[in-house]
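Chain letters run A, B, ... following the sequence lines, proteins first and then strands; every chain starts at 1.
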2 protein chains.
Amino acid sequence: MGGKVDLEPILEELDAASALEGLEQANTRLRDTLGIDHIVYHWVDSAGDQYGCTTYPQSWVDRYLAENYHRIDPVILGCFQRFHPVDWKRLDWSGKAAKAFLKDAMEHGVGNQGFSIPIRGPNGQFALFTVNNSCDDETWADFTATYSRDLILIAHYFNRKALEFEANRQPEFSRTLSPREVDAMTLLALGYSRAQVAHSLSISEHTLRVYIESARFKLGALNTTHAIATAMSRGLIVV
Amino acid sequence: MGGKVDLEPILEELDAASALEGLEQANTRLRDTLGIDHIVYHWVDSAGDQYGCTTYPQSWVDRYLAENYHRIDPVILGCFQRFHPVDWKRLDWSGKAAKAFLKDAMEHGVGNQGFSIPIRGPNGQFALFTVNNSCDDETWADFTATYSRDLILIAHYFNRKALEFEANRQPEFSRTLSPREVDAMTLLALGYSRAQVAHSLSISEHTLRVYIESARFKLGALNTTHAIATAMSRGLIVV
DNA sequence: TTTCCACTCCCCAAAAATGGCGAGGAAGGC
DNA sequence: GCCTTCCTCGCCATTTTTGGGGAGTGGAAA
């Protein structure tokens, strides 16, 4: 990891990729070019689907999924609240579960140093692009300082492609809510009762119900709470 | 707009900014450096607040806000569904309202060419970074091809700073939920009724109520829906 | 050791939400 | 001109949620 390597060819390779396999090749090539242990692009959908493009050993991936580690992984939890790319050292590893998780990860070949970039797309899509390595703090600080900008761009391109392929697989996935429906759902999410919302919007409570039901239907939700949660995770309403 | 200009100093200026004024200075400087008409960073807040850092004439900004143009602006509507940076030519300007909007914009000094980059942060934050100019299609295509990567990075830095300043204004209120409470809230957000959730968790419905009420109390929520929305926007539960 | 907090269980009555029925006007796109 | 979507309104019965009580266990922290 001496001087800075030109990553331009990798960006172009990513840009030209026409299938998920292309991303995986680019991923491996990038790892080798940077001379680090692992790179993982991890994608979580609002529907709960996951797509991972990783150089981690399969045993770790399996274990991660089996243990539902995404619920305690400080990288996920921390990045979900931030916009900044973040060094793993700055995350909160104080909890008991977090420590056990870290130990387990190390034993499965995950390096001690990590740098993760959160990325968000439409409809509540959330992805993480992570570089991982085994080395001392100083070496790692040099590495991240040198490449952080390139990594942001690469993460962006990665996600762009992943979304592109996903859009091909699931066309017409998102139906938007009408302005009135958005108003209704937003006020409900803020804790107002139906009577209060109807009053706020200056409409009858029954009209309000029509909006709520219509939104529920569009979102494929089972009840109002579900509709709110769905609308929020798809980014249709903001609270 | 001949050869490519080095934008490194602008990135550093952005990185070093410690207040919103810094962003505005960087904005103007970037516009002059690139030799284009306008640059606008536009941020839509959770509460519906808007922050704009723009070189557009004030008359246009006022008109945009007064007319609630964000509801029909094809740039906003188009970018809200995409991840890609997008050239304005590729957006849908077919609607009647859209055409009137475009005409109005031109009359207020907005250029005919535009390139917008959508950016998303935590809690449904959404921002747009746009460069705008008056020129022919070919010139503009050259410009965007040359600078698209730099613009993505600049947009990213812009948003990072804007979020940073916003975070300072609203410090964290973090109170965690107990594991059982998280389970309960998560299942409720997935649309299950209390009876179903209680069954899923193998506890009585009354016990479940205790969790829900406890979570409501901790989150300062007025009802269950509000609690779910609050927990989601604070990242305490993931759906 | 005492004092928290998380977890578990129960009853009753009031308030809120949902399901199902139906109806009409206005605006914009093909 | 037709068709779709959006916005608006009403009533009744049923189901679900909520608010008010109270009670006992175990573990972890102070």
Remember a base hit wins even if backbone is also touched, and classify B/S94 as base, sugar-phosphate or nothing at under 4.0 Å, heavy atoms. nothing
Qualifying residue for side-chain hydrogen bond (donor to acceptor under 3.5 Å, both in side chains) with B/Q113, from B/N133, B/D137, B/T139: B/D137
Checking all strands, does B/T207 fall into the base, sugar-phosphate, or nothing category for heavy-atom contacts under 4.0 angstrom? base
Would you indicate, yes or no, if C/dC30 has its OP1 or OP2 atom less than 4.0 angstrom from a side-chain nitrogen or oxygen of B/K96? no
Are OP1 or OP2 of C/dC5 and a side-chain N or O of B/S178 less than 4.0 angstrom apart? no
Round to the nearest Å and state the distance from A/I203 atom CD1 to D/dG10 atom C1'. 14 Å
Hey, does the side chain of B/S193 come within less than 4.0 Å of D/dT15's phosphate (OP1/OP2), counting only N and O? no
Closest nucleotide of DNA chain C for B/A97 versus for B/E205: which of these residues is on the 5' side? B/E205
Any donor-acceptor pair under 3.5 Å between the side chain of A/H206 and the base of D/dC11? yes
Does A/R209 put a side-chain nitrogen or oxygen below 4.0 Å from OP1 or OP2 of C/dG19? no
On the nucleotide C/dA6, are OP1 or OP2 found under 4.0 Å from the side-chain N or O atoms that B/K218 carries? yes
Categorize B/S214 for me: base, sugar-phosphate, or nothing, with a 4.0 angstrom heavy-atom threshold over every strand shown. nothing
